[in-house]
Amino acid sequence: MTQINRLPSGGRIDRAQSISFSYNGKTYTGMQGDTVASALLANGVDIVGRSFKYSRPRGIMAAGAEEPNALLQLGATEATQTPNVRATQQDLFEGLVASATNGWPNADNDMMSLVGKLGGRAMPPGFYYKTFMYPQSMWETYEKFIRKAAGFGRSSLESDVDIYDNINQHADVLIVGGGPAGLSAALAAAQSGARVILADEQSEFGGSLLHSSAQINMLPAADWVKDTVAELSTYDNVILLPRSTVNGYHDHNFLTIHERCSDHLGDRSPLGKVRQRMHRIRAKWVVLATGAHERPLVFANNDLPGVMLASAVSTYVRRYAVAPGSKLVLMTTNDYAYQSAFDWADAGREVVAIVDTRTNPDSECVFVAKSRGIKVITGTAVIEAKGSKRVTGAMIAPLNETGDQLTGDAQLLECDLIASSGGWSPAIHLSCHTGSRPVWSDEAVGFLPGDTIQKQLTAGAVNGSYSLDACLKEGTEQGLAAARNAGFEVEDVVMPVSAPVSEGKPMALFHIPHSKATSRAPKQFVDFQNDVTAAAIELATREGFESIEHVKRYTAMGFGTDQGKTGNINGMAIAAKSMDKSIPETGTTIFRPNYTPVTFGAIVGRNCGDLFDPERYTAIHRWHIENGAKFEDVGQWKRPWYYPKSGESMQDTLNRECKATRESVGLLDASTLGKIDIQGKDAREFLGRVYTNAWAKLAVGKCRYGLMCGEDGMVFDDGVTACLGENHFLMTTTTGGAARVLSWLEIYHQTEWPEMEVYFNSVTDHWSTATISGPNARKVMEKLTSDIDLDGEAFKFMDWRSGTVAGVPARVFRISFTGELSYEVNVQANYGMAVWEAIMEAGAEFNITPYGTETMHVLRAEKGFIIVGQDTDGSVHPYDLDHGWAVANQKPFSFIGKRGMARADCVRPNRKQLVGLKPKDPEAVIPEGAQAVNDPEQAIPMEMLGHVTSSYYSANLGHSIAMGMIKNGLNRMGESVFYPLADGRVIEAEICSPVFYDPKGERQRV
Amino acid sequence: MFYIYCPYCEEHREEEEFHAAGEAHIPRPLDPDACTDEEWGEYLFFRTNPRGLHHELWVHGVGCRKYFNITRDTQTYEIKETYKIGTKPQFTRAEENA
Ligand SMILES: [Zn+2]
């Protein structure tokens, strides 16, 4: 293909470097400096998509972020697929592969249009609301259809191969937008020494100046841009971020910038290069110099390929040396757009006419046009575009002064390009992100940024100051103000100047009348991406939607990736008019982050794969891996789950580990249990307040089990606390509850009882804990220590001793979660591995068996020991657990939980209570979560009595066991309940004590 | 994302370092056992949820671990002040002073 629309000279492209790329399976050639959009236009590609609902052909309409139609699916390989890229924002590179996202199966000859524009008929405004009211079966049919038809791109099915990055930054002054206002603001602020960040979404700084024919400081605007950027890059305190979209303005001047570092270099990033980077910026002051978007005019068939924004025509001609057509009709409500006709004429193309909707414009530009021999037709509008796949003509008709009525017959002007300008809509998106309501300005014919509590200034077109000299002036002033507000001294700077141009008043016109009523005229599009027409908005208001937020949701105007950039103002104005209200009365919807789509890669940065979530390892982790452990995640900890030997099933392993521990000795890595060191003269009293049981008499050298409840009386953690000294305790918590318990202690100390002298410190990671458990545990210990008296009378159950184990200082706790004789050996974490290995060696003659969390669970369940969070769920108080023995109601201080568990609901009969459950079939393991019923034959819904919380096969007992909640269960010992399962089986179980093994607790005391 | 001044560390830090811990100034009744179920329920479950200025308890969880209070506007998210436990806010809603 040849670049039939490429102008022979001009533009900011490098004609020496031609670039080949693929679009919808065809190969095209563009030039270095092109965007995909300019290259497609250069190649005469008119249709770049099919519309969302009506499946109409669509062409490129704009040249920047506001482009609603030309959405691309990018990627030469599956792994590099990227959806929702605007062709106007993607730089061309060699080998680029793109396809149209809208349009299925292809944009030129779309299947949807063959099936009779089913979408249009099936999806009137309010489609989603109307459909949801119908039975759900309808929705499923529609949904498939909508998803295919909508086709807003797809994500890759493979992992992204590129590197993404996040960076946190602080700025004194962040300037958003690098057009005339932003550049002059940066120049002013830079001289103050403030740390300045200037971000602009385009590949080059300059904004509108890149296609402007104006002069600044007596130089061509583009030269001034070049000099200014060169000067800014000499400042150490200035960071220039091109290709960087400020996408979100969040609370307290926190802004996110999406930088596309190497999207323009290739399908994959060059080796070692980051593809995209998310800057998270905390800025002292922000200057929004975001400019304005040109508003298209709303007329019949205004979505035909060949209808463009006036400023886009100038951009393509002057920046990219592309003339997307040959015969131009320009329709405008204002002076600014005249320049597009001049640019078109300068490019040697024919201007058929400038159609000015104003009745009697006498601005300078009108005379310039006439003096150049360009026909200007005033008081007239283009009411309809003619053509099927491309504009072939424009129907024009005279218009009254207020723009709401045609005053004469229509006539046809032959052309292949219609450019329209309804004026400018300030790009106020960012100022709205934090909740500021925009304010309508009749003078600017647009919404301007409203009051904000953010430290935000605005400059240039975003304020409705559309002329170049005003942009330069405001930019300089606001750049200085921002620097001064941020605390920097700055002398007055020299302001860049541009010759002022006399301006005529623009006309506020949002909807061009047609000779037929809106509902009967050919479609007049307001929101191109969501296929919202003027007729649909009028219908919405007729159906009673009066709030603009409702109209938006009813019609889908301003939805999706478009965020109403070109359509919102026209749509609100049409809604207002149809309700006989003013635009300020109707108000506007609020823009939300993000301004343009952000990739997941940029959001996630490096936090993916292995770095997705932190993992915590104990000091013995490597040994566990080397010995074949399977791991279980407990919070962020990786805990050994079980240690299978070759040929073993999981159950085989558990049976072996369980029996070895009960018959000889087992070893558990218990290092993950939370450990909180508590000191201070009030430590003991504090324990008494946060635990339900008594602590006043616990002697040094002793340990005690404690239950912790919330103020509602419900159990939320448990563990053993040891008295290390009169004012010194070591509390253990559940593995998952450690951080929560520490905050709990802190909040009560700091907010309720600050007069108490007590200090808390997490020491979980400081200690490595190896639990030796089983009848031979003492024999193993005897080989490891000589300075701890292990005699059963000298070192009793629930005592702790300090001494030397395996040659290192240790604290040894005689506490037991298995019901066997147990020693928990705590050593400084960096000795953990050596001590573990010494224990394994000492225990070898007793066949010491390492076991994991699953065996620990089975062994403790055989003993009826609860696991908080498994056997409790936040609705269970100590009496429900039959743990009344751990509640000391006679304590003088009303401990946390006491009042809560005395509430009427907590003392009522028939509460669910934790009991043991012995299946009648000794091999049947009831699934955890199964619900008990009294009679499995009763009609559904059955009366449910409670669920199974823990359930295992016990090799030691030779039958299955379980624990679970049963209504009034503690008074139903010996009775049967039934567990009907989803697979049709019913398991019968007897309610019993949860202590299945060694009910007198003799084994742990030996 | 808030930018929060910790009154103990005496500097602004990012919200990621903090945790919200609910409404401030809800003291535990001095004699819980004397409370009716209704009074206890009021203490446990009922919060003001105002539109406008709200006093909140926060903790500098990955900083100094201190709890402190914030007066925050629930409409604009502006933080008016942060202050230590045991001190009074400078900014209040009209009805708080009634
Ligand atoms: Zn702090």
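Here is how names work: the chains are called A, B, and so on, in the same order as the sequence lines, proteins then strands, and each is numbered from 1.
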Using every non-hydrogen atom in the two residues, find where B:L44 and A:D712 come nearest and quote the distance to one decimal. CD1-CA, 3.8 Å

Taking all atoms of both residues into account, what is the closest heavy-atom pair of A:I747 and B:A21, and its distance? CD1-CB, 4.3 Å

Taking B:K66, B:E14, B:R65 one by one, which has the highest count of heavy-atom pairs under 4.5 Å against chain A? B:R65

Contact between A:F893 and B:P32 at the side-chain level, heavy atoms closer than 4.5 Å - yes or no? no

Is chain A contacted by the side chain of B:I26, its backbone, both, or neither, given a heavy-atom distance below 4.5 Å? backbone

Where do A:H252 and B:Y3 come nearest, in terms of heavy atoms and distance? ND1-N, 2.9 Å

Heavy-atom count around B:E11 CD within 6.0 Å, excluding the residue itself: above 12? yes

Would you find more than 12 non-hydrogen atoms of other residues, nucleotides or ligands less than 6.0 Å from B:Y77 atom OH? no

Would you name the heavy atoms of B:R28 and A:Y748 that are closest together and state the gap between them? CD-CE2, 4.0 Å

More than 12 non-hydrogen atoms from neighbouring residues, nucleotides or ligands closer than 6.0 Å to NZ on A:K455, yes or no? no

When the 4.5 angstrom heavy-atom criterion is applied to B:F68 and chain A, the contacting part is neither

Atom CZ of residue position A:R908 - does it have more than 12 heavy atoms of other residues, nucleotides or ligands inside 6.0 Å? yes

What part of B:L57 gets closer than 4.5 Å to chain A, counting heavy atoms only: side chain, backbone, both or neither? side chain

Would you say the side chain of B:I85 lies within less than 4.5 Å of the side chain of A:E752, judging by non-hydrogen atoms? no

Taking atom CD of A:E755 as the centre, report whether more than 12 heavy atoms of other residues, nucleotides or ligands fall under 6.0 Å from it. yes

Within a strict 4.5 Å, meaning less than it, do heavy atoms of the B:W40 and A:E711 side chains meet? yes

One should read off an interatomic distance between B:E15 CD and A:R282 CZ, to the nearest 0.5 angstrom, of 8.0 Å

Can you confirm whether A:D451 is buried at CG, in the sense that more than 12 heavy atoms of other residues, nucleotides or ligands lie under 6.0 Å from that atom? no

Can you tell me if CZ on A:F600 sees more than 12 non-hydrogen neighbours from other groups inside 6.0 Å? no

Should B:E16 and A:R280 count as an ion pair when the cut-off is N to O under 4.0 Å? yes

Max heavy-atom pair count under 4.5 Å with chain B, selected residue of A:N253, A:L742, A:T452: A:L742

Considering only heavy atoms from C-beta outward, does the side chain of A:R899 approach that of B:D37 to under 4.5 Å? yes

Note: A:H250 and B:M1 closest approach over all heavy atoms is CB-N, 4.2 Å

Using a cut-off of 6.0 Å, state whether more than 12 heavy atoms not belonging to B:H19 lie near its atom NE2. no

Does A:S894 offer a backbone N or O that forms a donor-acceptor pair with the side chain of B:D33 under 3.5 Å? no

